[in-house]
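Just below is one structure, and these are the notes that go with it.
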Amino acid sequence: MGGGGQLTEPGEPVSGRDGGVYTWEEVQRHCSRNDQWLVIDRKVYNITQWAKRHPGGFRVISHYAGEDATEAFTAFHPELKFVQKFLKPLLIGELAATESNQDRNKNAAIIQDFNTLRAQMEKKGLFRAEPLFFCLHLGHILLLEALAWLIIWLWGTSWVLTFLCSVMLATAQGASANWWNHRHFQHHAKPNIFSKDPDVNMLHVFVLGATQPVEYGIKKIKYMPYHRQHQYFFLVGPPLLIPVYFHIQIMHTMISRRDWVDLAWSMSYYLRYFSCYVPLYGLFGSLVLISFVRFLESHWFVWVTQMNHLPMDIDHEKRQDWLTMQLQATCNIEQSVFNDWFSGHLNFQIEHHLFPTMPRHNYHLVAPLVRDLCDKHGVPYQMKTMWQGLTDVVGSLKNSGDLWLDAYLHK
């Protein structure tokens, strides 16, 4: 599934019965690391070998092993006809005529209405990017970088100007494309689901949600009786640790995937950076400055993204339809010129999750239609102020810590 890469091979030999007919129960049995089937539009595919070469990473496609992946497949692939030819060698059969179109707890009415909405948006061209928007966006990034250097070059390296330069540089930065492909796709595919969403895999730093703290607290009592007050502080301590954790994840992903092109592109930034700032700050001063920029950037990134997710439902796999799954794990922040700019339009996190290939300048056009669909089916569509979203992060961590402590002491 997950898009973002060039497919170079059409597939591999398949196993199983050619043209076989299967039940959902049979499909669901093939969900282990070495035996993976999935269903797309009632067709059954053996992806066991293909998953290793999947351009979006093997984990994101493996997360749908043993279940219906139709909605995720559609969401991640803008060129469905192109991708379909790579599916043909993996085809091993189809669902029996007596089987329903959806498995598990997926709502057929919601799926049908959501597909209709998506078709309407495709007809309106809302999945097409506007080149002018992204040219202007790139221009303002380059302007920020130029201004950051210019104010230091013209007026010196005072603390105030250095801080202003740091804020400008942090605002102009972004995440690695490799990280986006191989970690963020997983988050989109299974948001806030333990063992599948890497963004909530933080047991060695925090417990999250309402389920994990209780489970972890009980295990601690039984196996690891740490000092209660120290452990409580560790689990609900300052959210300053989360940005550091995410930044380490990004660098680890780049290196572990051995994406040398992405790594080389990142290194070109550092070459340009040190060429500009070593003459002004010296080598040590430039290292301190870029470290502070990364500190600010990590905090911006985590607070902006996690205020839409951490306070929401975080739990084990429930195998719900795409709309329900995304809305339970995601909320929006109110629209304003500042919120749009400050969050990079991620204040429309719901629309960003439902339509990951949609250009962000169209989110505000889609949001009212999504909200109407949610109202029709009784799916909560949460909208918050920026302040409420930020404070809810701290509140959710505190609540998780309280649940852990209660389980640690009493269960």
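Summarising the local packing, CZ of R128 is surrounded by 12 or fewer heavy atoms from other residues, nucleotides or ligands at distances under 6.0 Å. Taking a 6.0 Å sphere around NZ of K318, one finds it holds more than 12 heavy atoms contributed by other residues, nucleotides or ligands. By the neighbour-count criterion of 12 heavy atoms within 6.0 Å, atom CZ of F163 is sparsely surrounded, having that number or fewer from other residues, nucleotides or ligands.
Side-chain polar atoms of D321 and T324 form a donor-acceptor pair below 3.5 angstrom. Checking S400 against Q212 by side-chain atom types alone, no donor-acceptor pair falls below 3.5 Å. A donor and an acceptor atom, one from each side chain of H63 and E317, are nowhere located under 3.5 Å apart.
A donor-acceptor pair is defined here as one N or O able to donate and one able to accept, closer than 3.5 Å; no such pair exists between the side chain of N362 and the backbone of L365. Side-chain N or O atoms of N107 include one that pairs as donor or acceptor with a backbone N or O of A109 at under 3.5 Å. Not one N or O on the side chain of D406 forms a donor-acceptor pair closer than 3.5 Å with the backbone of D402. Side-chain atoms of T211 never come within 3.5 Å of backbone atoms of D315 as a donor-acceptor pair (strictly under, hydrogens ignored). A distance-only check finds no donor-acceptor pair linking the side chain of W24 to the backbone of L95 [under 3.5 Å]. The closest donor-acceptor contact from the side chain of T357 to the backbone of F76 lies at 3.5 Å or more, if one exists at all. Side chain of R118 to main chain of T74: a donor-acceptor pair is present (N/O by atom type, distance under 3.5 Å, no hydrogens or angles). One N or O on the side chain of T391 and one on the backbone of Q388 form a donor-acceptor pair closer than 3.5 Å. Using a distance-only test at 3.5 Å, with no hydrogens or angles considered, no donor-acceptor pair links the side chain of E297 to the main chain of V293. One N or O on the side chain of H77 and one on the backbone of F73 form a donor-acceptor pair closer than 3.5 Å.
Note that CG of D41 and CG of D68 are 8.0 Å apart. Values are rounded to the nearest 0.5 Å. To the nearest 0.5 Å, atom CD1 of residue I333 and atom CD of residue Q349 are 9.0 Å apart. The CG atom of L403 sits 15.5 Å away from atom OH of Y216, with the distance rounded to the nearest 0.5 Å. Atom CD1 in I110 sits 8.5 Å away from atom SG in C374 (nearest 0.5 Å). Note that OH of Y273 is 9.5 Å distant from OH of Y270, once rounded to the nearest 0.5 Å. From L289, atom CG reaches atom CZ of R294 across 11.0 Å, with rounding to the nearest 0.5 Å.
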After noting the C-alpha distance and the side-chain angles of H316 and E215, does the key distance pass the side-chain contact (heavy atoms from CB on, under 4.5 Å) rule?
CA-CA 12 Å; H316 298 289; E215 295 175 346; 3.0 Å; yes
Applying side-chain contact (heavy atoms from CB on, under 4.5 Å), run through M312 and T330 and close with a yes or a no.
CA-CA 6 Å; M312 304 300 289; T330 313; 5.7 Å; no
With side-chain contact (heavy atoms from CB on, under 4.5 Å) as the criterion, how do M383 and Q335 come out once you've worked through the C-alpha distance, each side chain's angles and the decisive distance to 0.1 Å?
CA-CA 9 Å; M383 177 84 71; Q335 183 184 19; over 6 Å; no
With side chain to side chain donor-acceptor pair (under 3.5 Å) as the test, would you mind laying out the steps for D199 and H309 before giving the verdict?
CA-CA 9 Å; D199 289 3; H309 294 297; over 6 Å; no
Would you check, one step at a time, whether the test side chain to side chain donor-acceptor pair (under 3.5 Å) holds for H345 with E351?
CA-CA 10 Å; H345 293 90; E351 289 68 34; over 6 Å; no
Determine, step by step, whether L38 and I61 satisfy the side-chain contact (heavy atoms from CB on, under 4.5 Å) criterion, reporting the C-alpha distance in whole Å, the side-chain angles of both residues, the deciding distance to 0.1 Å, and the verdict.
CA-CA 9 Å; L38 54 73; I61 192 171; 4.0 Å; yes
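Among T385, N347, N332, the single residue meeting the side chain to side chain contact (heavy atoms under 4.5 Å, CB included) criterion with N339 is N347. Among Y363, W322, F114, F348, the one residue that satisfies the ring pair (Phe, Tyr, Trp, His ring centres under 6.0 Å) test with F355 is F114.
Classification of the W50-F86 ring pair by plane angle, with boundaries at 30° and 60°, yields parallel.
At least one side-chain heavy atom of V44 sits less than 4.5 Å from a side-chain heavy atom of V39. Residues M358 and L126 meet the side-chain proximity criterion, which asks for heavy atoms closer than 4.5 Å. Here the side chains of K398 and V394 are not in contact, with every heavy-atom distance at 4.5 Å or above. Looking only at side-chain heavy atoms (C-beta outward), E145 and C276 stay at 4.5 Å or farther from each other. Two residues are said to be in side-chain contact when any heavy atoms from C-beta on lie closer than 4.5 Å; M325 and I193 meet this criterion. Two residues are said to be in side-chain contact when any heavy atoms from C-beta on lie closer than 4.5 Å; F342 and T171 fail this criterion. Contact check for D197 versus N201: no side-chain heavy atoms found under the 4.5 Å cut-off. Between L397 and L208, some side-chain heavy-atom pair lies under the 4.5 Å cut-off.
I350 and Q382 make their closest contact through CD1-O, 4.0 Å (heavy atoms, listed as atom of the first residue, atom of the second, distance). Here the closest non-hydrogen pair linking P356 and A75 is CG-O, 3.5 Å. Minimum interatomic distance between A407 and P213 (heavy atoms only, all atoms of both residues): CB-O, 4.3 Å. For P191 against Q326, the heavy-atom pair with the smallest separation is CG-OE1, 3.2 Å. Minimum interatomic distance between L117 and V370 (heavy atoms only, all atoms of both residues): CD2-CG2, 4.2 Å. Heavy-atom minimum distance, Y269 versus I290: OH-CD1, 3.8 Å.
Less than 6.0 angstrom separates the ring centroid of H187 from the ring centroid of H353. Ring centroid separation for the pair Y22 and W37 comes in under the 6.0 Å cut-off.
With respect to K106 and E67, a salt bridge is recorded, a charged nitrogen being found less than 4.0 Å from a carboxylate O. Ion pair K376/D372 not flagged as a salt bridge, since none of the NZ, NE, NH1 or NH2 atoms sits closer than 4.0 Å to an Asp/Glu carboxylate oxygen.
Under a cutoff of 6.0 Å and an axis angle of 45°, K190 and Y64 form a cation-pi pair.
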Cut-off 3.5 Å, no hydrogens considered: what does the side-chain donor-acceptor table look like for residues 129-137, sequence neighbours left out?
from, atom 1, to, atom 2, distance (Å)
E130, OE2, L132, N, 3.4
H137, ND1, R360, NH2, 3.2
H137, NE2, R360, NH2, 2.8

Could you tabulate the donor-acceptor pairs under 3.5 Å formed by side-chain atoms of residues 153-160, not counting sequence neighbours?
from, atom 1, to, atom 2, distance (Å)
S158, OG, L161, N, 3.3

